[in-house]
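Here's the structure we're looking at; comments come further down.
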Amino acid sequence: MQKQLTTVTDTLATWMQAAFTALYGEAIDVSGVGVVATGNAAFGDYQCNAAMGLAKVLKVAPRVIADRLVAEAPPHEAVARLEVAGPGFINIFLADAWLVSRVAALRGDPRGGVPQPGQGRTVVMDYSSPNIAKPMHIGHIRSTIIGNALDRMYRLLGYRVIADNHIGDWGTQFGIIIMGYRNFLDRTALEQSPIEELERVYVKSYERAKADEGWMTQCRRELVKLQAGDPENTALWKQFIALSLGEFARIYKRLGVAFDLVRGESFYNDRLAAMIALLEEKGLATISEGALCVFLEEDGLPVCIVRKSDGGYNYATSDLATVFSRVEEFAPEKIVYVTDERQQLHFKQFFTISRKLGVETRLDHVWFGLMRLPDATFSTRQGNVIKLEHLLDEAERRAFELISTSSPDMKEACRREVARAVGIGAVKYADLSQNPQTTVTFTWDKALALDGNSGPYLQYAYARIASVRDKYSERFPDGDLEAADLLLTGPAERDLMIRLLRFPEVVMRAADAYKPSMVADYLYELAQGYSSFYQNVPFLKAETGIRESRVLLCGVIAAVLRRGLDLLGIETPERI
RNA sequence: GCCCCCGUAGCUCAGUGGAUAGAGCAACGGAUUUCUAAUCCGUGGGUCGCAGGUUCGAUCCCUGCCGGGGGCGCCA
């Protein structure tokens, strides 16, 4: 069992390391010896490039090292043969029988062979984190979708994940909103679309505050009252939160996103004073221009304000308090924050201060590029926001249109359900298939692509596999897949088997690099391999034995596709 | 001024130390009496921003420059 939970690269790398050690002993450091998948089948399935690197240490030509290794390496059940090519590449050709046995072991494994190195380890993931009284627009989707994919990946790897939605429920904007609410509110609009109305009164109040000093002063006064626990303002604030959370919940449900914790920044309010005391006690904080500051020059960072000259606390203070709270409560191995690129400096500062305060927990900032529109920077002020719900509606509408033309016989309720999964899948995949760190230029056609390298392409591939399975039982009711053997009868199958065995290491590497796009890439290649296989190789019309084998292989591919798409939060309808 | 990202095919993007740099879209040509054509097969398309450097080997690492985006004391 344990053997099946080792990745192919681990298996081969361990073997190569042993072979190098047997030849050269202590003269070399073998820890860097690894193998990678080849880019070209002519060069084998995996390759080891260590001979070139060792040539310098050993003062021997790389070709000679490689030749010697190939001649003297002990046999391994996974390896059919080795070849030396070019300057000293060692090309590894996997043994068919071993491949087949490894893939056969995946039959019925809903985990796709992924091991659980995270057992007994805890990770806190802080993502999505929208602000109260503001609608979620397409700019919010990245943190939510990327964070949720990472969340799912770590869970599959066996980690205990605490997904925490760190809501922006505390800050200077509340004074402005309270004034807007008291003066400009339209009750009917609030009932129909609460967040839109709250945003409207916020914008109106904000504009007034910019032009009217007296108004601004009143806003600040309302904020101070709220912070002092004034019952009226507190009741309003609680109402804003309830309304916002209700709306967020609707969107999270559509997106299939669930949190373990939904704690606003306000949850940590009673720890802020203690945070400041600790900073002062450690001699890290100094007063400058009335504000309490932490100077980080020796760390090459600009100053960080932890308490404003008016006595209010900043984001950094709140985040510090949050770290202490999380460490106490969950004792995580690491805390991961998923936010946009603009917050890089903030996280560098607050991570540095955390370390100075003795926090040993690993803190990682996963940042992603901003979402922008083709013609303009994304901006609430310019009013060119696209509401997240609008995007999801449009995605489902387009998917429904497509399904209705391609599958007119399907019942409408079915088409709606499939359109929902496909539309949301398209939106998620469009984001997740891209390197998180690149700036996204939003276009409807790209975000909602239903063909080519898209979520629906993968879902379509899955649905066709499901169909093969059903057609098989229909046409061959006496067939016994359970008892059938998996065979390797052609290059397309071999290619698919090798790809299938790569899934566990792709998941591990993607989780480690915080890049769901690596999983997306992998799944797309797997689906492409399958689509080509499907189109060019007969399954149900193949002779008995081969037929069962191919249907079995389809089953394994389906399981990995399903598992992988689930990691991206994308559903897999059985019919499309 | 300083710091962080990005620059790859007409467009949108993968690839981040290995062999001949890949997809999708767009263009063009094929495939459906057949397991779902949202598919498949093929063709054309590149000084990997520019210039140096490190290396057996650089799109990938280092330095400089050009172009774009973001950030830099009381927002979060």
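We use all heavy atoms of the structure for the numbers below, so side chains are in, but hydrogens, waters and symmetry mates are not.
With RNA chain B read from its 5' end, the first of the two nearest nucleotides for A/G39 and A/I576 is the one closest to A/G39. Place A/W170 and A/I90 on RNA chain B by their nearest nucleotides, and A/I90 ends up nearer the 5' end.
In this structure, A/F539 and A/Y534 have perpendicular ring planes: the angle between them is above 60°, well past the 30° mark.
As a whole-Å value, the separation of A/N91 CG from B/A19 P is 11 Å. Straight-line distance from the CD atom of A/E525 to the P atom of B/C13: 19 Å, rounded to whole Å. The CZ atom of A/F400 sits 16 Å away from the C1' atom of B/A38 (whole-angstrom rounding). Between the C1' atom of B/C72 and the CG atom of A/L345 lies a distance of 6 Å, rounded to the nearest Å. What separates CZ of A/R575 from C1' of B/U36 is a distance of 9 Å, to the nearest Å. The separation between A/D431 atom CG and B/C13 atom C1' is 13 Å, rounded to whole Å. One interatomic measurement links the two molecules: CG of A/D451 to P of B/A37, which rounds to 15 Å at whole-angstrom precision.
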Enumerate donor-acceptor pairs with a distance under 3.5 Å from any side-chain N or O in residues 414-422 of chain A to protein atoms, sequence neighbours excluded.
| from | atom 1 | to | atom 2 | distance (Å) |
| --- | --- | --- | --- | --- |
| A/R415 | NE | A/M410 | O | 3.0 |
| A/R415 | NH1 | A/S404 | OG | 2.9 |
| A/R416 | NE | A/E412 | OE2 | 3.3 |
| A/R416 | NH2 | A/E412 | OE2 | 3.1 |
| A/E417 | OE1 | A/R420 | NE | 3.3 |
| A/E417 | OE2 | A/R420 | NH2 | 2.8 |
| A/R420 | NH1 | A/E571 | OE2 | 3.2 |
| A/R420 | NH2 | A/E571 | OE1 | 3.0 |
| A/R420 | NH2 | A/E571 | OE2 | 3.3 |

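Near RNA chain B, defined here as any heavy-atom distance below 4.0 Å, the residues from residues 287-295 of chain A are A/E289, A/A291, listed numerically.
Remark: the separation of the C1' atoms in B/U43 and B/U55 is 38 Å, to the nearest Å. Comparing the P positions of B/U59 and B/G17 gives a spacing of 13 Å, expressed to the nearest Å. When the C1' atom is compared between B/A14 and B/G29, the two are found 27 Å apart, to the nearest whole Å. Comparing B/A19 with B/A58, their C1' atoms are spaced 13 Å from each other, to the whole Å.
Stacking is found between A/F43 and the pyrimidine-like six-membered ring of the B/A19 base under the 5.5 Å centre-distance and 30° plane-angle cut-offs. Between the side-chain ring of A/F89 and the base of B/A19, a stacking contact exists by the 5.5 Å and 30° definition.
The side chain of A/Y315 contributes no N or O atom lying less than 4.0 Å from OP1 or OP2 of B/A76.
Remark: RNA chain B forms stems of 3 or more consecutive Watson-Crick or G-U wobble pairs, all pair distances under 3.5 Å, at B:1-7 with B:66-72, B:10-13 with B:22-25, B:27-31 with B:39-43, B:49-53 with B:61-65.
With hydrogens and angles ignored, a donor-acceptor pair closer than 3.5 Å exists between the side chain of A/S309 and the base of B/C74.
One side chain, A/S31 or A/D29, offers a donor N or O that lies under 3.5 Å from an acceptor on the other.
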